[in-house]
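What you see below is based on every heavy atom in this structure, not just the backbone, and it leaves out hydrogens, waters and symmetry mates.
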Amino acid sequence: KSAFENGVWTYDLAEVWTGLKAALKGVNGAGEVKALGISAMMHGYLAFDKDWNLLVPFRTWQNTITGPAAAELTALFGFNIPQRWSIAHLYQAILNGEPHLDKLAHITTLAGYVHYKLSGRNVLGVGDASGMFPIDSDKLDYDQRMLDLLDQKLAGRFPWKVRDVLPQVLPAGADAGAVTPAGSALVDGLLPAGVPMAPAEGDAGTGMTATNAVAARTGNVSAGTSIFAMVVLERPLSKVYPELDMVTTPDGKPVAMVHCNNCTNDMNAWVSLLGETLALFGVSANPGELYTKLYQKSLEGAADCDGITVYNYLAGEPVTGLNEAGRPLVVRKPETAFTLASFLRAQLYATMASLAAGMDLLHQEKVAVDRLMGHGGLFKTPVVGQRYMAAATGSPVWVMETAGEGGAYGIALLAAYLRLGQGQTLDAFLEKTVFAGAPGTVQQPLEEDAKGFRAYLDRFLAGLDVQKAAVASL
C-alpha cells in the first residue's frame, strides 16, 4: 500500500519482498511453475545507481508533482506526456536540480525492478515501457525521434543519454530470461531457479490481456484503487489530448488510455466505517459479503442519486484539472433525500465520473469500440458495477467470470503465451486458446441509468471548484 510521506506518494521496496513471499506461500505448487511473469503498478520513478542502489524513495504514479516537466515534454515531443510517466518524473528531477542525477544509471517500473532482481535482466514489456517513454509501435521500441530531441536538450549535462537509463523493450512472447539462483534466494527458494520469465508488464497491459482486449476496436475498463479505460486504435487521434495517454498493448499496438488516479479507495473507507458501525451491535460481517450487500443496496437508489454528489479524490486528478492531493467530499443540498441507497450509488458513480469525462473525448473522435470488457474489484459483485459502467460510457460492458482477477490473471496468461503461443499473435492466442467459449455477461446501457448518470456527472463537473476550495483551505 502506498504511503503519503513528506508530500510524496511512495512505497517501501522492502514490502515488495515481504508481500511477494507471502503471496508465493499461498500458491499451491509454486515450486513446480513452468513459466511466470511480474505485473505491478505502472509509471512512477524508481531511480538506481550502477549497482542498483535506490537513489531516492520510490515516487509512485499517484504523484502529481511533475506538472512543469510534463507540460514541457508534451510541447517538445508533440505527444502527451502525463505527470505520472517515468520520463516526466526524470525530467522534473532535472528541472529541480536534484543531486542524485549524476549517479543515475537506471530507471524502471516496479515490475521491471522485481523482474531484474529475479532474473538479472534489465528488460521490460512494451506495454509497461510505454508508460515510461513514448513507443514506436512499428519498431516495438522507444521513439527514437523523441529520444533525440530530449538528448539534444540535455546535451553535456549528464554522463548518460536517455536511452542508457531506460530498460530494454520486449514484446509479449519474447524471452525475458529466467529466475536465477540469486533471484530464487530473494524469495527464500519459493521459486526455483531456471523458471522462464515473460516480459514484465504493468497493470494496464495485464488488464488488457485478462479481458481479451488486445485487438483493434476492443477496449477494457480496469477498476480498482485506480481506474482506467483502454481502447485499441485503428488510426491515430486527430490531435494531442492532455487527458488521454497513448500507450500500447503487450504486443505493441497503439492504445488510447483514460487514466484516473482515484477509484474505489474512498468507497473502501466508507465500507470499513459501516463495518465498524455493525460491530457496535455485536455483528461481525464478512468483508466480501458486506461489499456485496452494499453494492446491491445502491441499485435501490435514485438514478441521479437524488442530488448527492461524492468527490472520491484522495490523490490529485489531472483528467479534471486537479493536480494536488484531493479532499474526499460528500455534497448535498438541504432538501436532498439522504438515503443509504442513493449515497452508495453516488459513491459508486464517483468511482467512474472522472473516467467518463475523459471517455467523452474518444466519443468526439468517433473511435470505434466493438466490445468494452470490465475487470477489477469494482466488477466482483455481479451486475452492479457493470450496469453503472455501461451508463457512464454509453457502451455495452462485458464481464467474464474472471473479471475480479485483474493483473494477476493477465500476467499468468502472458506467461502461458510465452510457453504455449507457438507462433500465434497474442490476440489470436487469447481469442482461440484462452477465451473461446468463456462464460460471461453483457450489460447494455439502460436509458434511466444513462440519464441519471449524466445528471450526476454534470453536477460533479460543475462542482469541481468546491473540491479545489477544499484543497486550498483544508
Under 3.5 Å, side chain of [X] to main-chain N/O of [Y], donor-acceptor pair present?
{"X": "His89", "Y": "Trp61", "answer": "no"}
{"X": "Asp458", "Y": "Ala455", "answer": "no"}
{"X": "Tyr417", "Y": "Gln424", "answer": "yes"}
{"X": "Asp12", "Y": "Ala14", "answer": "yes"}
{"X": "Thr66", "Y": "Ala69", "answer": "no"}
{"X": "Tyr11", "Y": "Thr60", "answer": "no"}
{"X": "Ser86", "Y": "Gly44", "answer": "yes"}
{"X": "Gln386", "Y": "Val397", "answer": "yes"}
{"X": "Ser130", "Y": "Pro134", "answer": "no"}
{"X": "Thr320", "Y": "Leu322", "answer": "no"}

Do the non-hydrogen side-chain atoms of Leu101 and Leu55 ever get within less than 4.5 Å of each other?
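Not in contact.
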State the [atom1]-[atom2] distance between [X] and [Y], to the nearest 0.5 angstrom.
{"X": "Leu414", "Y": "Ser39", "atom1": "CG", "atom2": "OG", "answer": "8.5 Å"}
{"X": "His43", "Y": "Arg84", "atom1": "NE2", "atom2": "CZ", "answer": "4.5 Å"}
{"X": "Thr209", "Y": "Asp251", "atom1": "OG1", "atom2": "CG", "answer": "8.0 Å"}
{"X": "Tyr241", "Y": "Leu361", "atom1": "OH", "atom2": "CG", "answer": "6.0 Å"}
{"X": "Lys253", "Y": "Thr248", "atom1": "NZ", "atom2": "OG1", "answer": "9.5 Å"}
{"X": "Gln444", "Y": "Arg387", "atom1": "CD", "atom2": "CZ", "answer": "13.5 Å"}

Ser226 vs Asn261, side-chain hydrogen bond (donor to acceptor under 3.5 Å, both in side chains): CA-CA, chis, key distance, verdict:
CA-CA 5 Å; Ser226 66; Asn261 292 339; over 6 Å; no
Does a side-chain N-to-carboxylate-O contact under 4.0 Å join [X] and [Y]?
{"X": "Arg327", "Y": "Glu317", "result": "no"}
{"X": "Arg454", "Y": "Asp304", "result": "no"}
{"X": "Asp49", "Y": "Lys103", "result": "no"}
{"X": "Lys451", "Y": "Asp449", "result": "no"}
{"X": "Lys153", "Y": "Glu72", "result": "yes"}
{"X": "Lys21", "Y": "Glu15", "result": "no"}
{"X": "Asp151", "Y": "Arg157", "result": "no"}

Establish, yes or no, whether a centroid distance under 6.0 Å links the rings of [X] and [Y].
{"X": "Tyr45", "Y": "Phe58", "answer": "no"}
{"X": "Trp52", "Y": "Tyr116", "answer": "yes"}
{"X": "Phe435", "Y": "Phe429", "answer": "no"}
{"X": "Tyr388", "Y": "Phe453", "answer": "no"}
{"X": "Phe48", "Y": "Tyr113", "answer": "yes"}

Evaluation steps, side chain to side chain contact (heavy atoms under 4.5 Å, CB included), between Val434 and Asn212:
CA-CA 9 Å; Val434 177; Asn212 191 20; over 6 Å; no
Count the heavy atoms of every other residue, nucleotide or ligand shown that sit under 6.0 Å from CD of Glu98, and state whether that count exceeds 12.
yes
Restricting to non-hydrogen atoms, name the atom on [X] and the atom on [Y] that form the minimum distance, rounded to 0.1 Å.
{"X": "Cys263", "Y": "Thr351", "value": "O-CG2, 3.3 Å"}
{"X": "Asp175", "Y": "Leu170", "value": "O-CD1, 3.6 Å"}
{"X": "Pro328", "Y": "Leu314", "value": "CG-CD1, 3.7 Å"}
{"X": "Met373", "Y": "Thr211", "value": "CG-O, 3.2 Å"}
{"X": "Ala303", "Y": "Tyr349", "value": "O-OH, 2.7 Å"}
{"X": "Val319", "Y": "His259", "value": "CG2-O, 3.3 Å"}

List the steps and the verdict of side chain to side chain contact (heavy atoms under 4.5 Å, CB included) for Ile38 and Ile411.
CA-CA 7 Å; Ile38 303 297; Ile411 195 64; 5.7 Å; no
Arg163 and its salt bridge (charged side-chain N to carboxylate O under 4.0 Å, His left out) partner, picked from Asp141, Asp148, Asp143:
Asp141
Are Lys366 and Glu234 close enough, and set up right, to give a salt bridge (Lys or Arg N to Asp or Glu O under 4.0 Å), and what steps lead you there?
CA-CA 11 Å; Lys366 295 181 171 52; Glu234 295 179 286; over 6 Å; no
Would you check, one step at a time, whether the test side-chain hydrogen bond (donor to acceptor under 3.5 Å, both in side chains) holds for Thr206 with Glu201?
CA-CA 6 Å; Thr206 54; Glu201 271 296 348; over 6 Å; no
Side chain to side chain contact (heavy atoms under 4.5 Å, CB included) between Leu329 and Val310: does it pass, once the steps are laid out?
CA-CA 6 Å; Leu329 297 172; Val310 171; over 6 Å; no
Going through the checks in order, is the side-chain hydrogen bond (donor to acceptor under 3.5 Å, both in side chains) test met by Asn96 and Gln92?
CA-CA 6 Å; Asn96 295 346; Gln92 188 64 52; 3.0 Å; yes
Tested for side chain to side chain donor-acceptor pair (under 3.5 Å) against Tyr291, the lone hit among Asn268, Thr381, Thr264 is Asn268
Check step by step if side-chain hydrogen bond (donor to acceptor under 3.5 Å, both in side chains) holds for Thr309 and Arg459.
CA-CA 7 Å; Thr309 307; Arg459 288 199 313 273; 2.9 Å; yes
Full working for side chain to side chain contact (heavy atoms under 4.5 Å, CB included) between Val384 and Leu378:
CA-CA 9 Å; Val384 182; Leu378 186 69; over 6 Å; no
Qualifying residue, where the test is ring-ring contact (aromatic ring centres under 6.0 Å, His included) with Phe77 and the options are Tyr91, Trp85, Phe133
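The ring-ring contact (aromatic ring centres under 6.0 Å, His included) with Phe77 is passed solely by Phe133 among Tyr91, Trp85, Phe133.
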